[in-house]
Trainee: 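Before I ask anything, let me first share the structure, which is written out below as structure tokens.
Throughout, a chain's letter reflects where its sequence line sits, starting with A, and its residues are numbered from 1.
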2 protein chains.
Amino acid sequence: MPAEASTSRPASPPLTERQEARRRRILHASAQLASRGGFDAVQMREVAESSQVALGTLYRYFPSKVHLLVATMQDQLEHMHGTLRKKPPAGDTAAGRVAETLMRAFRALQREPHLADAMVRALTFADRSVSPEVDQVSRQTTAIILDAMGQPDPTPEQLSAVRVIEHTWHSALITWLSGRASIAQVKIDIETVCRLIDLTEPGRPAR
Amino acid sequence: MPAEASTSRPASPPLTERQEARRRRILHASAQLASRGGFDAVQMREVAESSQVALGTLYRYFPSKVHLLVATMQDQLEHMHGTLRKKPPAGDTAAGRVAETLMRAFRALQREPHLADAMVRALTFADRSVSPEVDQVSRQTTAIILDAMGQPDPTPEQLSAVRVIEHTWHSALITWLSGRASIAQVKIDIETVCRLIDLTEPGRPAR
DNA sequence: ATCAAGTCTGAAACTTGTTCTAGATTAGCG
DNA sequence: CGCTAATCTAGAACAAGTTTCAGACTTGAT
């Protein structure tokens, strides 16, 4: 029973069971260390030791610390998408549902602020060499938002709005994590940007 | 004639002339190295050498690489605010003027993409210890946007919109810098988010 | 079962951000 | 001028990400 997740890796070379296990151990150690002290606490030597893997092996699985943390984020996002699916938001408007969904995710992050720090910092610090992985995270986030909107077939305008929402989401998280914005502030920003969705409700002249 | 900029540092201890000169040399070296190879090319030893200052001194002036790059950004932003002031945007709507202003800034960044990379990456990677400096950058950005709106006395709603615009601006830059979004895409995102301004034009029922 | 290719391990080495130290220089002051 | 505190310099030292390498272990195919 090899649990193959639906939205996962390209799975270039299929991993053996032991390799899959190593990969899981590494991701687990990464998340654990991150939960403690955030980005800085995820030290490659420690991750290697915690996951019972040689440093060189760690680097074979994840070519850099940022790759590792972005993969950790993919992992967590899948989790969250699953959780969110179970109890879909109940608002009347698409904007309200999206805002509610993002606030739910935000509350989850608040429970593990250090982990959030590690993941989000890695995500925005990632350079070109991590683009595919970051893109995957972005697609997953988009999927979550579209789910909340309940629009299986969004217009280009709506996709633009979703992109802007994602931008705001990431950047607002950053300001919260670095102590420059309060939780309340983040909430306001999310609600504000979600209004863009109403603005692009189909049946409106585009411009 | 000690040119004291209007929006500058708290100037805790006033610097002597030679110190001011050192500071300028450092910032200049930083910008120069950044223009070459972006974030990675700004190596503290090189900055120290280029600016004819000992490594320890560099760290006395800027307590970390991120501090240095954020200060570099403040410097460049002041420049840009000055430039933008000279030719204010000409659009009819506030949203249009803000979008035009940001696109103008964006085109300036496109001319020095490596410098942009160094500054923006530093900005979003900055942790709590750099909050005051990052905040200053944020205030300066807000000032530029409010200038473009031509609203000397914005409502709280408008301030929220401006915050969201800044979020989008930063995050969109990141996606462009890491090659995940095209210039055209960034343009669309900026234009999309600027619509929020019309939405909060005074004289509208606030919800 | 055996062999070749690929993978993993442990340890050292290298890079770059950051810290520390001892001595030289400078600034402000009486 | 001559003193004292602060600042600056050169350079070593340390920390953590990354690379490298020789040898042991697995895997897959014959």
Side-chain angles (χ1 to χ4, degrees), chain A residues 2 11-27 29-30 33-34 36-72 117-118 121-122 125-130 133, chain B residues 2 11-26 29-30 33-34 36-72 117-119 121-122 125-130 133:
Chain A
S12 326
L15 299 183
T16 73
E17 206 163 315
R18 305 185 53 180
Q19 287 176 321
E20 193 56 52
R22 271 193 206 100
R23 188 169 194 283
R24 297 259 109 248
R25 286 207 305 279
I26 293 172
L27 286 175
S30 167
L33 287 170
R36 296 236 199 301
F39 188 90
D40 294 330
V42 180
Q43 301 194 354
M44 299 304 269
R45 286 173 239 259
E46 289 215 24
V47 172
E49 190 172 355
S50 289
S51 50
Q52 310 249 237
V53 134
L55 191 54
T57 306
L58 172 53
Y59 273 95
R60 170 187 281 275
Y61 280 73
F62 301 98
S64 78
K65 174 169 171 171
V66 168
H67 280 87
L68 170 58
L69 285 172
V70 170
T72 304
D117 172 80
R121 297 263 295 287
F125 190 58
D127 66 4
R128 299 180 112 81
S129 71
V130 205
E133 288 81 0
Chain B
S12 327
L15 300 182
T16 72
E17 205 163 318
R18 305 185 52 175
Q19 288 176 319
E20 192 56 51
R22 270 192 207 101
R23 187 166 194 285
R24 299 258 106 248
R25 285 206 306 279
I26 293 172
S30 168
L33 287 170
R36 293 233 201 304
F39 188 89
D40 295 330
V42 180
Q43 301 193 356
M44 298 304 269
R45 285 174 239 260
E46 290 216 23
V47 173
E49 190 172 353
S50 288
S51 50
Q52 309 249 233
V53 136
L55 192 53
T57 305
L58 172 52
Y59 272 94
R60 170 187 279 274
Y61 280 72
F62 301 98
S64 79
K65 174 169 171 172
V66 168
H67 280 86
L68 170 57
L69 284 172
V70 171
T72 304
D117 172 80
M119 298 188 306
R121 298 263 292 288
F125 191 59
D127 67 2
R128 298 180 115 81
S129 72
V130 204
E133 289 81 1

Trainee: Output the single nucleotide from dG28(C), dC8(D), dG28(D) whose closest atom is nearest the side chain of Thr57(B).
Mentor: dC8(D)
Trainee: Ser64(B) side chain: which of dG17(D), dT18(C), dC8(D) is closest?
Mentor: dT18(C)
Trainee: In whole Å, what is the span from the CG atom of Leu33(B) to the P atom of dT16(C)?
Mentor: 13 Å
Trainee: Glu20(B) CD to dA27(C) C1': how many Å, rounded?
Mentor: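 My rounded result for the distance is 17 Å.
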Trainee: Under 4.0 angstrom, heavy atoms only, what part of the nucleic acid is Phe62(B) near: base, sugar-phosphate, or nothing?
Mentor: nothing
Trainee: Consider the side chain of Arg22(B), meaning its heavy atoms from C-beta on, and name the nucleotide among dT18(C), dT9(C), dT9(D) that approaches it most closely.
Mentor: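 Of the options given, the side chain of Arg22(B) lies nearest dT9(D).
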Trainee: Please give, in whole Å, the distance from dT19(C) P to Lys65(B) NZ?
Mentor: 15 Å
Trainee: Please tell me which of the listed nucleotides, dA27(C), dG17(C), dC8(D), lies nearest to the side chain of Tyr61(B)?
Mentor: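 Comparing dA27(C), dG17(C), dC8(D) against the side chain of Tyr61(B), the answer is dC8(D).
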Trainee: Any idea which of dT7(D), dT19(C), dT7(C) is nearest the Gln19(A) side chain?
Mentor: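 Comparing dT7(D), dT19(C), dT7(C) against the side chain of Gln19(A), the answer is dT7(C).
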Trainee: How long is the line joining CZ of Arg23(A) and P of dC8(C), in whole Å?
Mentor: 13 Å
Trainee: Just the rounded figure in Å: distance from P of dT18(D) to NE2 of His67(A).
Mentor: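 It works out to 10 Å between those atoms.
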Trainee: Checking contacts here: which listed nucleotide (dG28(C), dG17(D), dT26(D)) is nearest the side-chain heavy atoms of Arg18(A)?
Mentor: dT26(D)
Trainee: Measure the shortest side-chain to side-chain distance between Arg24(B) and Ser51(B) over non-hydrogen atoms and say whether it is less than 4.5 angstrom.
Mentor: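 Answer no - side chains too far apart.
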Trainee: Surrounding CD of Glu20(B) (heavy atoms of other residues, nucleotides or ligands, distance under 6.0 Å), is the total greater than 12?
Mentor: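 It does: Glu20(B) CD has more than 12 such atoms within range.
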Trainee: So Phe125(B) and Phe125(A), would you call those rings parallel, tilted or perpendicular, with 30° and 60° as cut-offs?
Mentor: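 Phe125(B) vs Phe125(A) ring planes: parallel.
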Trainee: Nearest 0.5 Å, what's the CG-CZ distance between Leu69(A) and Arg121(A)?
Mentor: 10.5 Å
Trainee: Under 4.0 angstrom, heavy atoms only, what part of the nucleic acid is Arg45(B) near: base, sugar-phosphate, or nothing?
Mentor: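 It contacts base atoms.
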Trainee: Looking for any heavy atom pair under 4.0 Å, which part of the strands does Val42(A) touch: base, sugar-phosphate only, or nothing?
Mentor: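 Sugar-phosphate contact only - Val42(A) comes under 4.0 Å of backbone atoms but never of a base.
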Trainee: Under 4.0 Å, heavy atoms only, any strand: does Glu49(B) hit a base, just the sugar-phosphate, or nothing?
Mentor: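 The answer is nothing, as Glu49(B) stays clear of every strand by at least 4.0 Å.
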Trainee: Phe39(A) versus Lys65(A): any side-chain heavy-atom pair under 4.5 Å?
Mentor: yes
Trainee: Please figure out whether Met44(B) or Ala54(A) has its closest DNA chain C nucleotide nearer the 5' end.
Mentor: Ala54(A)
Trainee: When the distance from CG of Leu55(B) to P of dT19(C) is rounded to whole Å, what number comes out?
Mentor: 10 Å
Trainee: Once you round it to whole Å, what is the distance between P of dT18(D) and CG of Asp40(B)?
Mentor: 11 Å
Trainee: Round to the nearest Å and state the distance from Leu58(A) atom CG to dT19(D) atom P.
Mentor: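 Roughly 12 Å, once rounded to whole Å.
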Trainee: For Glu46(A), which contact category applies under a 4.0 Å heavy-atom criterion: base, sugar-phosphate, or nothing?
Mentor: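 It contacts nothing in the nucleic acid.
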